K.L.:
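Following this message is one structure expressed as structure tokens.
Lettering of chains follows the sequences in order, A, B, ..., and the numbering in each one begins at 1. Quantities reported herein were computed from a predicted structural model and do not represent experimental measurements. Hydrogens, waters and symmetry mates play no part in the numbers below; they use all other heavy atoms, side chains included.
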Amino acid sequence: MIVGPTAVGKTVYAIKVAKMLDTEIVSCDSRQCYCELRIGVARPSEDELGSVKHHFIANRSVREPYNVFTYEQEAMERIHNLFNSHDIVVAVGGSGLYADALCQGIALLPDPTPELRAELQALPLDELQGRLKALDPAYFERVDKQNPVRLQRALEVIRMTGRPYSEVIRQTKMKRPFEIEKIGLYCQPHILRERIDRRASLMAEEGLVEEVRSLTPLRNLQPLNTVGYKEIFAMLDGTCTEETALSAVKTHSWQYAKKQMSYFKRDKSILWKEN
RNA sequence: GGCGUUGUAGCUCAGUUGGUAGAGCAGCGGACUGAAAAUCCGUGUGUCAUUGGUUCAAUUCCAAUCAAUGCCA
């Protein structure tokens with residue numbers, strides 16, 4: 001499992017490792033899996049994809065609902081199959097939650113109905129807090145009470161299962177039937193920032209604006225709520241210039257990279273390598 | 001050259017009917033079990049352009065200066 005912040009060089013590194021081990025790559029990336037997103041999510045190039053077999057790159061549409069559990073199910077099945085013909089498989093990705101789901105599993109829970117999600121989404125924060133406090137005081141105690149997404153999610157699960165959220169997610173971590181070695185790629189902050197800026201400029205040259213423009217009809221779908229896309233949509237709305245939008249993409253990518261680092265830093269089993 | 005307007009945090013700006021000031025963004029740190037490139041939390045002293053004047057007290061009122069900008073010549 002290879003993790004690390006955006007633009008640190010995971011793609012190239014993973015390909016190198018996979019070639020050396022004569023195996024294939026399973027991606028854990030919550031955006032590169034969409035076939036409609038290419039330039040803005042830094043999908044590996046045709047050459048790169050051709051040099052080593054990749055799984056879960058551009059394998060589904062932003063139009064279909066997707067989530068980390070579906071990913072975990074599909075990816076685990078794929079990995080089991082790969083282990084029939086390979087001793088080792090390379091996994092790589094910057095989506096910490098997806099990587100975690102692959103390494104240690106995730107609770108089996110029913111999806112909320114669209115009606116339920118819409119119903120809870122309409123509730124004000126204090127109402128969400130009140131309900132969760134009543135239905136699952138233990139989780140209410142430790143959840144981020146200001147975060148509507150967290151509160152909504154817990155209430156969805158409670159409604160779907162009839163059990164407290166804190167109970168259904170307890171002890172869902174499992175040992176996989178294979179050894180996992182985690183490698184974290186990092187580099188000095190100023191170097192990472194340069195790489196992010198350079199990559200964003202490159203995306204612009206490759207036609208990021210056109211890619212985003214062509215996705216305008218789909219812009220309200222969650223997968224389009226993504227760094228590199230939302231800033232360009234704003235530009236197409238006329239709220240800012242292309243130059244401003246591009247510099248926002250750079251800034252937001254940097255912020256994203258820092259969030260990734262703070263997520264990965266918690267995992268003490270990661271072996272860090274400067275790249 | 002004349003008449004205005006503006007000059008406050010890295011940026012965009014609010015504000016103080018005179019008692020030395022605060023938002024958004026950025027920066028920095030953090031959380032995270034089906035939205036995760038998402039979502040959320042914490043963190044704000046800066047010669048309030050400069051120099052004088054009035055005042056117990058000026059970033060706030062007055063004057064001059066400098067800079068930016070607009071209109072007229």
K.L.:
Of the listed nucleotides (B/C41, B/G30, B/G34), which one gets closest to any side-chain atom of A/Gln146?
P.N.:
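For A/Gln146, the side-chain atoms sit closest to B/C41.
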K.L.:
Parallel, tilted or perpendicular: which fits the ring planes of A/Phe178 and A/Phe83, with parallel below 30° and perpendicular above 60°?
P.N.:
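If you compare the ring of A/Phe178 with that of A/Phe83, the planes turn out tilted.
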K.L.:
Could you tell me whether a side-chain N or O of A/Ser27 sits under 3.5 Å from a main-chain N or O of A/Ile57, the two making a donor and an acceptor?
P.N.:
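Judged by distance alone, no pair lies under 3.5 Å.
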K.L.:
Restricting to pairs with a member in residues 114-124 of chain A, which pass side-chain hydrogen bond (donor to acceptor under 3.5 Å, both in side chains), not counting sequence neighbours?
P.N.:
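The answer is A/Arg117-A/Glu156, A/Glu119-A/Arg159.
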K.L.:
Mind checking what makes side-chain contact (heavy atoms from CB on, under 4.5 Å) contact with A/Asp126, not counting sequence neighbours?
P.N.:
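Once residues adjacent in sequence are excluded, the partners of A/Asp126 under the side-chain contact (heavy atoms from CB on, under 4.5 Å) criterion are A/Pro124, A/Gln129.
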K.L.:
Generate the contact string for nucleotides 22-29 of chain B. Rules: B means base contact, S means sugar-phosphate contact only, - means no protein heavy atom under 4.0 Å.
P.N.:
----SSSS
K.L.:
Could you tell me which non-hydrogen atom of A/Arg43 sits nearest to which non-hydrogen atom of A/Leu49, and how far apart they are?
P.N.:
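So the two residues come closest at CD-CD1, 4.3 Å.
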K.L.:
Return the set of residues passing ring pair (Phe, Tyr, Trp, His ring centres under 6.0 Å) with A/Phe233 (not counting sequence neighbours), or none when no residue passes.
P.N.:
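By the ring pair (Phe, Tyr, Trp, His ring centres under 6.0 Å) rule, A/Phe233 matches no residue at all.
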K.L.:
Can you list, in residue-number order, the parts of residues 115-137 of chain A that come under 4.0 Å of RNA chain B, counting heavy atoms only?
P.N.:
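Only A/Arg117, A/Gln121 qualify.
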K.L.:
Give RNA chain B the dot-bracket treatment, 5' to 3': Watson-Crick (N1-N3 with N6-O4 or O6-N4) or G-U (N1-O2, O6-N3) under 3.5 Å, [ ] crossing, | other strand.
P.N.:
(((((((..((((.....[..)))).(((((.......))))).....(((((..]....)))))))))))).
K.L.:
Which Ile, Leu, Val, Met, Phe, Trp or Tyr residues join A/Ile158 in one cluster when any pair of side-chain heavy atoms under 4.5 Å counts as a link?
P.N.:
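Same cluster as A/Ile158: A/Leu109, A/Leu116, A/Leu120, A/Leu123, A/Leu125, A/Leu128, A/Leu132, A/Leu135, A/Tyr139, A/Phe140, A/Val143, A/Leu151, A/Leu155, A/Val157, A/Met160, A/Tyr165, A/Val168, A/Ile169.
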K.L.:
Counting side-chain heavy atoms from CB outward, which of B/C40, B/A35, B/U33 is closest to A/Lys259?
P.N.:
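Of the options given, the side chain of A/Lys259 lies nearest B/C40.
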K.L.:
What is the separation between atom CZ on A/Arg150 and atom P on B/A35, rounded to the nearest whole Å?
P.N.:
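One finds 10 Å between P of B/A35 and CZ of A/Arg150, rounded.
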K.L.:
Excluding sequence neighbours, so at least two apart, what forms side-chain hydrogen bond (donor to acceptor under 3.5 Å, both in side chains) with A/Arg198?
P.N.:
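Per chain and number, A/Arg198 pairs via side-chain hydrogen bond (donor to acceptor under 3.5 Å, both in side chains) with no residue.
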K.L.:
Does anything in residues 215-234 of chain A come within less than 4.0 Å of RNA chain B? Heavy atoms only, and list the residues if so.
P.N.:
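A/Gln222, A/Asn225, A/Thr226, A/Val227, A/Lys230, in order of number.
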K.L.:
With sequence neighbours left out, write down each residue that passes ring pair (Phe, Tyr, Trp, His ring centres under 6.0 Å) with A/Tyr263, or none if nothing qualifies.
P.N.:
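By the ring pair (Phe, Tyr, Trp, His ring centres under 6.0 Å) rule, A/Tyr263 matches no residue at all.
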K.L.:
Any idea which heavy atoms bring A/His86 and A/Asp22 closest together, and the distance?
P.N.:
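For A/His86 and A/Asp22, the tightest heavy-atom pair comes out as ND1-O, 3.5 Å.
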K.L.:
OH of A/Tyr256 versus P of B/C40: gap in Å, rounded?
P.N.:
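Checked: the OH to P distance equals 17 Å.
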K.L.:
Does a side-chain N or O of A/Arg170 approach OP1 or OP2 of B/U33 to a distance below 4.0 Å, or not?
P.N.:
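No, outside the criterion.
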K.L.:
Could I get the full list of side-chain hydrogen bond (donor to acceptor under 3.5 Å, both in side chains) partners for A/Ser166, not counting sequence neighbours?
P.N.:
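Checked A/Ser166 against side-chain hydrogen bond (donor to acceptor under 3.5 Å, both in side chains); matches are A/Asp136.
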K.L.:
Any donor and acceptor pair, going by atom type alone, linking the side chain of A/Glu231 with main-chain N or O of A/Val249 inside 3.5 Å?
P.N.:
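Checked: no pair found.
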K.L.:
Report the nucleotide, chosen from B/G34, B/A36, B/C40, that has the shortest atom-to-atom distance to any side-chain atom of A/Tyr165.
P.N.:
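Closest of the options to the side chain of A/Tyr165: B/G34.
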K.L.:
Can you name the ring pair (Phe, Tyr, Trp, His ring centres under 6.0 Å) partners of A/Tyr71, sequence neighbours left out?
P.N.:
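A/Tyr71 satisfies ring pair (Phe, Tyr, Trp, His ring centres under 6.0 Å) with A/Phe56, A/Tyr98 once adjacent residues are dropped.
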